[in-house]
Amino acid sequence: MKLDSLDSRVEAVYKVLKADEQIGHLILGKTPQGSWAHKTIINPVGDNEFDADFMLDMSENADWSDDPKKYIEEIYAALHRHSIYGNMPHSRKCRCVRLVYANSMHLDIVPHLNLADGREVIVNRDDNDWELTDPQGFTDWMKDKDALAKGNLRKVIRLMKYLRDHKNSFTGTRSILLTTLLGEQVTELRTLLDPSYYSDVPTALLHIVKDLDVWLQENPSTPPVADPSGSGVYFGHRWGSDPEKAQATYSYFRDRIHIHAAEIEEAYAEENKERSIELWQGIFGDGFKATATSSSSAKFPAAAPAAASTVGRSGRAG
């Protein structure tokens, strides 16, 4: 799997940056970010690149206080002068430095600082300014929501990413938006009203996607989507680079979720086991199989875990 080499590659890059004579003394540590940190990462489609982010924790350099983009520039320069990474494709993005491995994956290295004034920030190179962030707060929120969903939220997110990436549904919706919107549907009230609301993967999938569909149908215009960590940041710009593009991406996502909610409900409610499998396969593809422990219950609870296991893995990066 393309996930297998992630840890070793991140560690190798980190050691090189830490040993760099120009910026090594500023580097304090590294922290997984995004899907890697949240354990919702999945393998990419076919030969497409697998991408992973990690935060490069850095101390503040007073000489760069008025020039935040300098952190990205200097990480890029450190890779550029290295004997190995300097010969690999590497580039500066808005919030990171990207290092590309041939035909397999790319790493996004995100400079991350705790400023003297108390702000926790990453860099926006395009604006040459700081952006507030709270990655640990987001990860803690994700853990709390997953625990509330009996460990099934992460599996639901993987399944929905599988639909997006492997089945070409709602393409263009960024993972941070998908994760946040799905996670926000998980509430303690729903578990109090129905303790079995998230009891297994297909039940959690049914309820979370249906609840998201209801919310989306009530919001026809592009929503701002607040960072649930409470950082004060909004993810609305991730829908697109301009309002028209953002609305088009959001509307497509909204329409596709509406369709998937109905498909999932039909497959879940089907009482005939073979027909239920056919309906699940109609959503997730022929790789969706019944397990040896499957019962013949109406909701066919073993089907969704079988699919989830093909698109994600437990453990560090799953």
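Along the sequence shown, the residues carry numbers beginning at 1.
The closest donor-acceptor contact from the side chain of Q247 to the backbone of P220 lies under 3.5 Å. Remark: the backbone N or O of I72 is not paired with any side-chain donor or acceptor of R125 at under 3.5 angstrom. For D146 (side chain) and L153 (main-chain N/O), a donor-acceptor pair under 3.5 Å exists by modelled atom type. Side-chain atoms of E60 come within 3.5 Å of backbone N or O of A116 as a donor-acceptor pair. A side-chain donor-acceptor contact under 3.5 Å links N152 to the backbone of Y198. Counting only distance, with no hydrogens or angles, the side chain of Y71 and the backbone of N61 share a donor-acceptor pair below 3.5 Å. Judged purely by atom type and a 3.5 angstrom limit, S65 uses its side chain to pair as donor or acceptor with the backbone of A62. Looking only at distances, a side-chain donor or acceptor of N219 sits under 3.5 Å from a matching main-chain atom of W215. A distance-only check finds no donor-acceptor pair linking the side chain of K161 to the backbone of S175 [under 3.5 Å]. No donor-acceptor pair under 3.5 Å is formed between the side chain of K245 and the backbone N or O of G240.
Under the 4.5 Å side-chain heavy-atom criterion for grouping Ile, Leu, Val, Met, Phe, Trp and Tyr, L132 is connected to L177 within one hydrophobic cluster. V209 is not connected to I259 by any chain of hydrophobic side-chain contacts under 4.5 Å among Ile, Leu, Val, Met, Phe, Trp and Tyr, and they are in different clusters.
Counted by atom type alone, S169 and H260 present one or more donor-acceptor pairs between their side chains at under 3.5 Å. Checking E120 against H112 by side-chain atom types alone, a donor-acceptor pair falls below 3.5 Å. When only modelled atom types and interatomic distance are considered, D200 and T203 share a side-chain donor-acceptor pair under 3.5 Å. Looking only at atom types and distance, the side chain of N128 has a donor-acceptor partner in the side chain of D67 under 3.5 Å away.
Heavy atoms from other residues, nucleotides or ligands lying under 6.0 Å from CG of D117 number more than 12. No more than 12 heavy atoms of other residues, nucleotides or ligands shown are found within 6.0 angstrom of CD1 on I84. Under a cut-off of 6.0 angstrom, the local environment of NE2 in H237 is crowded, with over 12 non-hydrogen atoms contributed by other residues, nucleotides or ligands.
Annotation: cation-pi geometry not satisfied between R174 and F235 (NZ/CZ under 6.0 angstrom from ring centroid, within 45° of ring axis).
Ring orientation note: the planes of W239 and F253 are tilted relative to one another, at an angle of 30° to 60°.
Other residues sharing a hydrophobic cluster with M55 under the 4.5 Å side-chain heavy-atom criterion for ILVMFWY residues are V110, I122.
If you run side-chain contact (heavy atoms from CB on, under 4.5 Å) between L148 and each of E188, R190, K143, only E188 comes through.
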Exercise for the section: Decide yes or no on side chain to side chain contact (heavy atoms under 4.5 Å, CB included) for H90 and Y76, but give the supporting numbers first. Expected result: CA-CA 7 Å; H90 52 289; Y76 173 85; 3.2 Å; yes

Problem - Verdict with reasoning, E184 to W141, per side chain to side chain contact (heavy atoms under 4.5 Å, CB included) - result: CA-CA 10 Å; E184 290 285 19; W141 169 84; 4.0 Å; yes

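Looking at residues two or more places apart in sequence or on another chain, you find a salt bridge (charged side-chain N to carboxylate O under 4.0 Å, His left out) between K210 and E265.
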